[in-house]
Amino acid sequence: MSATVISGKELAKKKREELTHEVEGLKGKGVTPGLAVILIGEDPASQSYVRSKQKSCKEIGVHSELYELPESTTQEELLERIDALNKAEHIHGILVQLPLPDQISEDAVIEAIDPNKDVDGFHPSNIGKMMIGQETFLPCTPFGIVEMIKSKEIEIEGKHVVVVGRSNIVGKPVGQLLLNENATVTYCHSRTKNMKEMTRSADILVVAVGRAHFLDADAIKEGAVVIDVGVNRNDEGKLVGDVVYDNAKEVASYITPVPGGVGPMTITMLLHNTVESAKRIVK
Ligand code: NAP
């Protein structure tokens with residue numbers, strides 16, 4: 001059996017077409033959704049993520065503004081910039097590209113963003129709302145993963161979900177969102193014992209570790225749904241996931257590729273959240 005591929009690229013294309021129409025509708029009502037992106041320093045990976053976010057905004061008609069600040073920026077300077085953007089009426093979403101230089105507290109920055117403009121879904125108030133199942137901005141990568149699973153009409157309720165990784169931006173929230181969908185959720189992390197035993201019991205396995213080819217087919221139950229979040233460069237400089245794709249796809253029922261899987265959906269959900277934020281203005 002070879003698994004059905006869940007293409008994030010294709011789903012993202014479809015969703016972006018829908019968003020383009022929504023943006024046109026909003027513009028007709030006099031509101032252009034606006035996203036402000038703050039980039040500190042010159043980390044090439046962050047620069048590339050920011051460029052691709054800006055390009056995606058342009059494609060669907062969302063206004064975007066990039067604030068490039070030097071590596072030496074102080075926390076106070078950054079908080080002042082965020083405060084100005086919190087007050088700016090034409091900006092509906094604010095994103096501070098992580099990671100930040102050592103002199104700036106990530107927590108302080110995330111908490112300074114108006115939760116109503118927190119389109120990354122990282123603010124403690126939005127995370128709290130997500131936990132108790134209230135409507136809010138959902139963190140983009142986990143949100144995209146749930147959309148990918150639902151796009152194939154895969155049943156989540158009652159299924160055993162195993163999430164490998166417990167970061168605040170991927171592992172923890174994706175488990176929470178799938179719990180909200182009535183799955184039974186197990187988290188694995190660096191201190192987990194007998195991990196293969198855990199992963200082999202998963203009906204839906206989400207892997208977000210950040211190590212090339214961390215899990216092979218022997219860690220996957222026959223027929224499981226495999227969501228590979230990892231983005232890693234292998235020795236040949238090629239992008240690969242946390243899962244050995246060629247082997248895993250012979251065991252899984254559904255699988256996401258790397259690249260072209262979770263990545264394109266993450267940016268799409270950022271666009272979705274920005275458009276939703278602008279829609280709140282016209283409601
Ligand atoms: P992270 O903050 O580094 O978290 C990694 C998690 O993996 C941690 O919870 C860690 O456990 C766990 N881990 C590390 N080694 C392990 C081991 N040997 N056994 C079991 N668990 C282990 O990473 P992240 O931000 O969640 O990102 C994970 C991956 O997803 C990265 O490759 C990243 O590039 C990718 N990513 C992709 C997207 C996308 O849009 N495609 C978005 C975000 C992230 P402890 O907590 O115990 O340390």
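Both counts, for ligands and for their atoms, begin at 1 and track the order of listing.
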Check your understanding: If you measure from CE on Met269 to OG1 on Thr141, what distance do you get to the nearest 0.5 Å?
Key -> 10.5 Å
Review point. Got the closest protein heavy atom to atom 48 (O) of ligand 1, with its distance?
Key: Ser190 OG, 3.6 Å
Point to revise | Short side-chain to backbone donor-acceptor contact, Asn126 and Gly121, under 3.5 Å | key: no
Practice item. Count the heavy atoms belonging to other residues, nucleotides or ligands that lie under 6.0 Å from CE of Met195, then report whether that count exceeds 12. Key: yes
Review point. Looking at Asn232, which atoms of ligand 1 are within less than 4.0 Å of one of its heavy atoms?
Key: 32 (O)
Practice item. Have a look at Pro139, Ala208, Pro173 and point out the one with the heavy atom closest to atom 28 (C) of ligand 1. Key: Ala208
**Study point:** Contact check, Met265 vs ligand 1, heavy-atom distance below 4.0 Å
**Key:** no
Point to revise | Protein heavy atom at shortest distance from atom 7 (O) of ligand 1 | key: Val209 CA, 3.5 Å
Exercise for review: Check for a donor-acceptor pair, side chain of Lys159 on one end and backbone N or O of Ala183 on the other, with a separation under 3.5 Å.
Suggested key: no
**Study point:** atom 17 (C) of ligand 1 - nearest protein heavy atom and its distance
**Key:** Phe214 CZ, 3.5 Å
Practice item. Go through ligand 1 atom by atom and flag the ones less than 4.0 Å from a non-hydrogen atom of Val170. Key: 26 (O), 43 (C), 44 (C)
Exercise for review: Please work out which of Gly230, Gly263, Ala212 has its closest non-hydrogen atom nearest to atom 41 (N) of ligand 1.
Suggested key: Gly263
Practice item. With heavy atoms under 4.0 Å as the rule, classify the contact between Thr266 and ligand 1 as side chain, backbone, both or neither. Key: side chain
Review point. If you count the non-hydrogen atoms of other residues, nucleotides and ligands that lie under 6.0 Å from CG in Asn234, is the total more than 12?
Key: yes
Check your understanding: In terms of hydrophobic clusters joined by side-chain contacts under 4.5 Å, are Val170 and Leu179 together?
Key -> yes
Practice item. Take atom CD of Gln47 as the centre, draw a 6.0 Å sphere, and report whether it contains more than 12 heavy atoms from other residues, nucleotides or ligands. Key: yes
Point to revise | Shortest heavy-atom approach to atom 29 (C) of ligand 1 - which of Gly165, Ala45, Pro99, Gly210 | key: Gly210
Practice item. Give the atoms of ligand 1, by number and element, whose distance to some non-hydrogen atom of Ile169 is under 4.0 Å. Key: 25 (O)
Point to revise | Min N/O separation Met195 to ligand 1 under 3.5 Å | key: no
Exercise for review: Mind running salt bridge (charged side-chain N to carboxylate O under 4.0 Å, His left out) on Glu276 and Lys279 for me, showing each step along the way?
Suggested key: CA-CA 5 Å; Glu276 281 304 306; Lys279 273 159 76 178; 2.8 Å; yes
Practice item. Return the option from His189, Arg166, Arg211 holding the heavy atom at the smallest distance from atom 20 (C) of ligand 1. Key: His189
Review point. Does Thr141 come within less than 4.0 Å of ligand 1, judged by its heavy atoms?
Key: yes
Review point. Among protein heavy atoms, which sits nearest to atom 37 (C) of ligand 1, and what does the distance come to when rounded to 0.1 Å?
Key: Val229 O, 3.2 Å
Check your understanding: Of the protein's non-hydrogen atoms, which lies at the shortest distance from atom 34 (O) of ligand 1, and what is that distance?
Key -> Val231 O, 3.8 Å
**Study point:** Lys13 and Glu17 ion-paired at < 4.0 Å
**Key:** yes
Point to revise | Distance, nearest 0.5 Å, that separates CZ of Arg200 from CG of Leu215 | key: 11.5 Å
Practice item. Look only at interatomic distance and state if Ser167 has a nitrogen or oxygen under 3.5 Å from any nitrogen or oxygen of ligand 1. Key: yes
**Study point:** For the student: nearest non-hydrogen atoms of Cys140 and Thr266, plus distance
**Key:** CB-O, 3.4 Å
